[in-house]
Amino acid sequence: MKTLKIAIQKSGRLNEKSVELLKNCGLNFENYKSSLISPVSNFPLEILFLRDDDIPEYVQDGIADLGIVGENVIEETEVEVAYLQRLGFGKCSLKIAVPNNNDIATLADLNGKAIATTYPVILGKYLKKQGITSDIRTISGSVEISPGLGLSDAICDLVSTGGTLKSNGLKPFADVMSSEAVLIASKGSENNDLIQELIQRIQSVLRAKETKYVVLNVKRDNLDAVIALLPGVKSPSVVPLAEADWVAVHTVIPERDFWDRISQLKQAGAQGIVVMPIEKIIL
Ligand SMILES: Nc1ncnc2c1ncn2[C@@H]1O[C@H](COP(=O)(O)OP(=O)(O)OP(=O)(O)O)[C@@H](O)[C@H]1O
Ligand SMILES: O=P(O)(O)OC[C@H]1O[C@H](OP(=O)(O)OP(=O)(O)O)[C@H](O)[C@@H]1O
Ligand SMILES: [Mg+2]
């Protein structure tokens, strides 16, 4: 059986979460900082540790079958790859930002202005679509300091908390794209059985992360009211308790509306609510 290769970032913002995701999928591998390739002992897979900029092309060319990388990098490198799964980490936005005190009020004010960025392709396409002609200055990092040094009038860079913009006297001006880490594959390889198996595992981990396992006790009289509040994977399990008119209800609740749901359950008569993390949900 052919051994697959998956490319992940060697170090940087996506490294830790990518390793964690693969380990949570039950894959056993060593993660030495010095090794650039690591075999998985219990799945026909090798992990390549690369600079994130190189991942899309490795996958496009089939050197790696799969990759985990930010959408921003895929768009910038303009590769042809198959998007398999959004992974829910590495969330950020590519934004144009301008100095706090400046005369840029509308997008049209960017005409003729210099914009520093490490994303010239994405920015170029965005400006063209908006009918703006700016002078795009491509630099390879520390973009936020360039207006302060007089190198540009604005910047286009990734933002998540906004802290870096703030500490450099800049403010967000326009959203160019939003991004998160995604699993990509070489075109045409999506239907490979091993890739499908890996996608199933990743999805079961992602699904589990979004939910909590909840066990609660309720009097039989209040059971219907409690069940009406539960989404569950299917219908909840109801287990009799030693005390005849009480039952325990086992269910799964989405993380996002968790606290609202819990307070509604308490109002409906739920008691002794126990909440547990879930490792995997296999549908
Ligand atoms: N502030 C942020 N918050 C969340 N995600 C981010 C942030 N900045 C970047 N990212 C995402 O993480 C990816 C990797 O960012 P990082 O800064 O580690 O890249 P890099 O310096 O280019 O790394 P490499 O050494 O691999 O080239 C980005 O391409 C983006 O998708
Ligand atoms: O909005 P914030 O939360 O402040 O994040 C934004 C910063 O994060 C990224 O850089 P990173 O810290 O990854 O450093 P790098 O560009 O040197 O890789 C990005 O290039 C911004 O500079
Ligand atoms: Mg990079």
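Only this structure's heavy atoms are used, side chains among them; waters, hydrogens and symmetry mates stay out. Here, residue 1 is the first one in the sequence, and each next residue gets the next number.
- Legend: salt bridge (Lys or Arg N to Asp or Glu O under 4.0 Å) pairs involving residues 5-27, not counting sequence neighbours, sorted by first then second residue: Lys5-Glu46, Glu20-Lys209.
- Sorted by first then second residue, the side chain to side chain donor-acceptor pair (under 3.5 Å) pairs that include residues 119-135, not counting sequence neighbours, are Asn72-Tyr119, Glu78-Lys125, Asp135-Arg137.
- With rounding to the nearest 0.5 Å, the separation of OG in Ser93 from CD in Glu180 is 11.0 Å.
- With rounding to the nearest 0.5 Å, the separation of CD1 in Ile136 from NZ in Lys113 is 15.0 Å.
- At distances below 3.5 Å, at least one donor-acceptor pair connects side-chain atoms of Asn42 with backbone N or O atoms of Asn28.
- With sequence neighbours excluded, the residues that form a salt bridge (Lys or Arg N to Asp or Glu O under 4.0 Å) with Asp65 are Lys2.
- Every pair passing side chain to side chain donor-acceptor pair (under 3.5 Å) that includes a residue from residues 261-276 is listed here, sequence neighbours excluded: Asp257-Arg261.
- Sequence neighbours left out, not one pair with a member in residues 37-79 passes ring-ring contact (aromatic ring centres under 6.0 Å, His included).
- A 6.0 Å sphere centred on CG of Asn101 holds no more than 12 heavy atoms belonging to other residues, nucleotides or ligands.
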Side-chain polar contacts of residues 138-145 - donor-acceptor pairs under 3.5 angstrom, sequence neighbours left out - could you list them?
none

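- Leu123 has its side chain out of reach of Leu94: every pair of non-hydrogen atoms, C-beta onward, lies at least 4.5 Å apart.
- At least one donor-acceptor pair under 3.5 Å links the side chain of Asn168 to the backbone N or O of Thr164.
- To the nearest 0.5 angstrom, Ser186 atom OG is 9.5 Å from Ile63 atom CD1.
- Listed by first then second residue, pairs satisfying salt bridge (Lys or Arg N to Asp or Glu O under 4.0 Å) with a partner in residues 149-176 read Lys95-Asp175, not counting sequence neighbours.
- Within a 6.0 Å radius of NZ in Lys219, other residues, nucleotides and ligands contribute 12 heavy atoms or fewer.
- If you take CG on Leu22 and OG on Ser38, they are separated by 10.5 Å, rounding to the nearest 0.5 Å.
- Every residue was checked against the salt bridge (Lys or Arg N to Asp or Glu O under 4.0 Å) condition with Glu30, not counting sequence neighbours, and none meets it.
- Remark: side-chain polar atoms of Asn15 are paired, donor with acceptor, to backbone N or O of Gln9 under 3.5 angstrom.
- A search for salt bridge (Lys or Arg N to Asp or Glu O under 4.0 Å) contacts involving Arg51 returns Asp53, not counting sequence neighbours.
- Val274 has its side chain out of reach of Val214: every pair of non-hydrogen atoms, C-beta onward, lies at least 4.5 Å apart.
- In terms of the salt bridge (Lys or Arg N to Asp or Glu O under 4.0 Å) criterion, residue partners of Glu255 (sequence neighbours excluded) are, by chain and number, Lys212.
- Between the Ser167 side chain and the Gly163 main chain, a donor and an acceptor come within less than 3.5 Å of each other.
- Looking at Asn222, its side chain never comes within 3.5 Å of a backbone N or O of Val218 through a donor-acceptor pair.
- With sequence neighbours excluded, the residues satisfying ring-ring contact (aromatic ring centres under 6.0 Å, His included) with Tyr213 are His250.
- Applying the side chain to side chain donor-acceptor pair (under 3.5 Å) definition to pairs two or more places apart or across chains, those involving residues 192-208 are Gln85-Gln203, Glu197-Arg201.
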